[in-house]
Amino acid sequence: MKILVIGSGGREHALVWKIKQSPHAEKIFCAPGNGGIAALAECIDIKADDVAGILAFAKKEKIDLTVVGPEVPLVLGIVDAFEQAGLCIFGPTQNAAELEGSKIFAKEFMKEMGIPTAEFAAFDNIVEAKEYLKTSAFPVVVKADGLAAGKGVVICKNEQEAIAALDQIMGEKIFKDAGAKVVIEEFLEGEEVSVLAISDGTHFVMLDSAQDHKRIFDNDQGPNTGGMGAYSPAPVLTAELKDEVAKKVIAPTVRGMQRRASPFVGVIYAGLMITPRGPMVLEYNARFGDPETQAVLPRLKTDLVDVLMAACNDTLDKIHLEWDSRPAVCVVMAAKGYPGDYPKGDMILGLDAAAKIKDAVVFHAGTVSKDGGVVTAGGRVLGVTALGVDIKSAIAQAYEAVSKISWGGAYFRKDIGHKAINR
Ligand code: AMP
Ligand code: GLY
């Protein structure tokens, strides 16, 4: 098969790496890819949101399966465009991707389906939103309705902070049209966990759980990032809770989207808070998580191409996923300054030495090949993953691999996976 992966981050490197292990994969392309993906796939210079460009390429090359990494092309309707052209693609249609593309859609959907989530109100008018705050219990969480690259959520301790958030999102439009509407919701306390399921529109299979580390500094301090590391499985999600999430969250999501005539084919990513009231959904994503994928896929024994094809062909009921029981830890190495401004173009040293560490694999996120080497090209630069007999040894192996890698100003958290040890 000829397989095309869309995207350029660590998630896409992990997807390409896993797809490469499949006997089905004769040729892999990645649009646009990165410096690490280039070793496994032919990178083509088309941006992930250039739907027309990607479609033209897929037609010309007669691609057998396209796998979409990021959310933007999904929300732009890349799956609809491919399906109209009779091409096989793994991901939700534009309507189904609304689960991620619109927080109001997601909240109203969950309410209709009885899926546990925080109490909320939705507004398209700033005056009414501010009026609502007068009767709110604090903290509240203010969320821009549309896609805001993970930055559209503000936790507000009091009315003043919430008014400031509304002024920025709805008044100054810092997220442009994505903030034309907002959700104001109840603040939930607990531990977060990411649960991903693959759906063919009718059936689904659950992936093993993972936990992301969103804040930039150790002990979950500082601003939010795209994710500074992950581990899988997440012990906070016990077998009982996993069953509960399958029954109360994933199954009704699949059923509800089918009922709305927008069957969801692709990855249903439920960002959950494990609260004293049970697991509650904070958000949906309509794609694989980043960096969760870099911790989850190295543990998957099943051929990923078989799974993705079954999702496209409505035969996921025939698929059973096999997992390596060993935990995996992914430590993200970022450029100094991230998530603010950061330099680019620094030569990365030690990649070969890191790859020699037992059961370690270095996924590239923001890198490009240059002069026979690899240089930094993004905020999150690498995701260094390792497996271990237990979580402690997975952490030790991952950091051993990290210690081999250097460039001027490399930054990484020192506490990835510690919550899993403490359990
Ligand atoms: P979201 O994009 O909706 O996942 O929000 C980003 C982050 O904000 C989540 O990972 C949580 O850490 C936090 N968050 C979102 N909604 C809530 C909530 N209702 N209560 C507490 N924290 C939340
Ligand atoms: N790890 C968070 C995300 O993929 O959105």
Side-chain angles (χ1 to χ4, degrees), residues 7 9-12 14-15 68-72 74-75 97 99-107 110 115-122 136-157 162 165 169 175 178-179 182-196 207 209-216 220-232 234 236 266-277 279-297 330 332 339 363 365 380 383 416 419:
R11 164 184 52 209
E12 288 75 20
L15 285 166
V68 188
E71 62 277 17
V72 172
L74 296 171
V75 168
L99 276 183
E100 174 164 4
S102 165
K103 304 245 186 230
I104 297 178
F105 176 94
K107 295 295 291 190
M110 286 189 270
I115 295 169
T117 189
E119 290 296 327
F120 75 102
S136 299
F138 289 88
V140 296
V141 186
V142 176
K143 301 184 172 186
D145 176 51
L147 292 183
K151 300 192 183 82
V153 173
V154 192
I155 294 167
C156 309
K157 287 194 287 294
I169 297 172
F175 305 120
V182 296
V183 167
I184 302 180
E185 74 177 30
E186 170 200 9
F187 176 80
L188 299 176
E189 260 171 295
E191 193 171 333
E192 281 184 58
V193 62
S194 308
V195 174
L196 282 70
L207 302 188
S209 61
Q211 195 172 65
D212 189 2
H213 299 63
K214 291 209 163 93
R215 307 292 197 97
I216 185 75
D220 296 330
Q221 302 296 309
N224 266 322
T225 69
M228 293 303 295
Y231 60 87
S232 170
V236 64
V267 178
I268 298 172
Y269 168 140
L272 302 173
M273 189 73 90
I274 306 301
T275 75
R277 288 181 274 166
M280 300 181 79
V281 179
L282 295 175
E283 64 160 347
Y284 284 110
N285 293 317
R287 51 169 175 79
F288 285 103
D290 189 338
E292 288 93 331
T293 305
Q294 294 91 303
V296 169
L297 287 186
C330 171
V332 169
F363 295 118
R380 289 190 295 170
I416 303 301
K419 271 194 204 140

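In what follows, every heavy atom counts, from backbone to side chain, and hydrogens, waters and symmetry copies are set aside. Counting starts at 1 for both ligands and their atoms, in listed order.
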Q.
Leu272 vs Val281, test: side chain to side chain contact (heavy atoms under 4.5 Å, CB included). Steps then yes/no.
A. CA-CA 5 Å; Leu272 302 173; Val281 179; 3.7 Å; yes
Q: Please lay out, stage by stage, how Phe288 and Leu207 fare under the test side chain to side chain contact (heavy atoms under 4.5 Å, CB included).
A: CA-CA 10 Å; Phe288 285 103; Leu207 302 188; 4.0 Å; yes
Q. Can you list the steps and then say if Thr117 with Met280 is a side chain to side chain contact (heavy atoms under 4.5 Å, CB included)?
A. CA-CA 5 Å; Thr117 189; Met280 300 181 79; 5.5 Å; no
Q | Full working for side chain to side chain donor-acceptor pair (under 3.5 Å) between Gln211 and Tyr231 | A | CA-CA 6 Å; Gln211 195 172 65; Tyr231 60 87; 2.4 Å; yes
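Listed by number with element, the atoms of ligand 2 under 4.0 angstrom from any heavy atom of Gly289 are 4 (O). Near Tyr269, with a cut-off below 4.0 Å to any heavy atom, the atoms of ligand 2 are 1 (N), 2 (C), 3 (C), 4 (O). Residue-ligand proximity, Val141 to ligand 1, at heavy-atom distances under 4.0 Å covers atoms 16 (N), 17 (C), 18 (C), 19 (N), 20 (N). Near Phe187, meaning under 4.0 Å from one of its heavy atoms, ligand 1 places the atoms 20 (N), 21 (C). Residue Asp212 approaches ligand 2 through these ligand atoms, each under 4.0 Å from one of its heavy atoms: 1 (N), 2 (C).
Within the 4.0 Å heavy-atom shell around ligand 1 one does not find Glu189. Using a 4.0 Å cutoff on heavy atoms, Arg287 counts as a contact of ligand 2.
In terms of protein heavy-atom proximity, atom 13 (C) of ligand 1 is nearest to Ile155 CD1, 4.1 Å. Taking atom 4 (O) of ligand 1 as the reference point, the nearest protein heavy-atom neighbour is Glu283 CD, 2.8 Å. The protein heavy atom nearest to atom 23 (C) of ligand 1 is Leu282 CD2, 3.9 Å. Nearest non-hydrogen protein atom to atom 3 (O) of ligand 1 is Lys143 NZ, 3.0 Å. Of all protein heavy atoms, the one lying nearest to atom 8 (O) of ligand 1 is Val153 CG1, 3.5 Å.
For ligand 1, the polar-atom distance check finds no N/O of Ala118 at less than 3.5 Å from any of the ligand's N/O atoms. Annotation: Asp290 places an N or O atom under 3.5 Å from an N or O atom of ligand 2; distance criterion only. By the 3.5 Å distance cut-off applied to N or O atoms, Lys214 is not counted among the residues near ligand 2.
Pairing each heavy atom of Cys156 with each of Val142, the nearest pair is SG-CG2, 3.9 Å. Taking every heavy atom of both residues into account, Pro291 and Gly226 meet most closely at CD-O, 4.0 Å.
Between Glu192 and Lys214, at least one side-chain N (NZ, or NE/NH1/NH2) sits under 4.0 Å from a carboxylate O, which counts as a salt bridge. Salt bridge annotation for Arg277-Glu119: absent, with no cationic side-chain nitrogen under 4.0 angstrom from a carboxylate oxygen. Between Lys419 and Glu191 there is no salt bridge, since no side-chain N of the basic residue sits under 4.0 Å from a carboxylate O of the acidic one.
The closest non-hydrogen atom to atom 11 (C) of ligand 1, taken over Lys103, Met273, Glu192, comes from Glu192. The heavy atom nearest to atom 19 (N) of ligand 1, considering only Met280, Lys214, Glu185, is found in Glu185.
Looking at Leu188 against ligand 1, both its backbone and its side chain come within 4.0 Å, counting heavy atoms.
Contact of the Tyr269 side chain with the Glu292 side chain is registered, since non-hydrogen atoms from C-beta on lie closer than 4.5 Å.
Glu185 contributes atom CD, which lies 7.0 Å from atom CG of Leu282 (distance to the nearest 0.5 angstrom).
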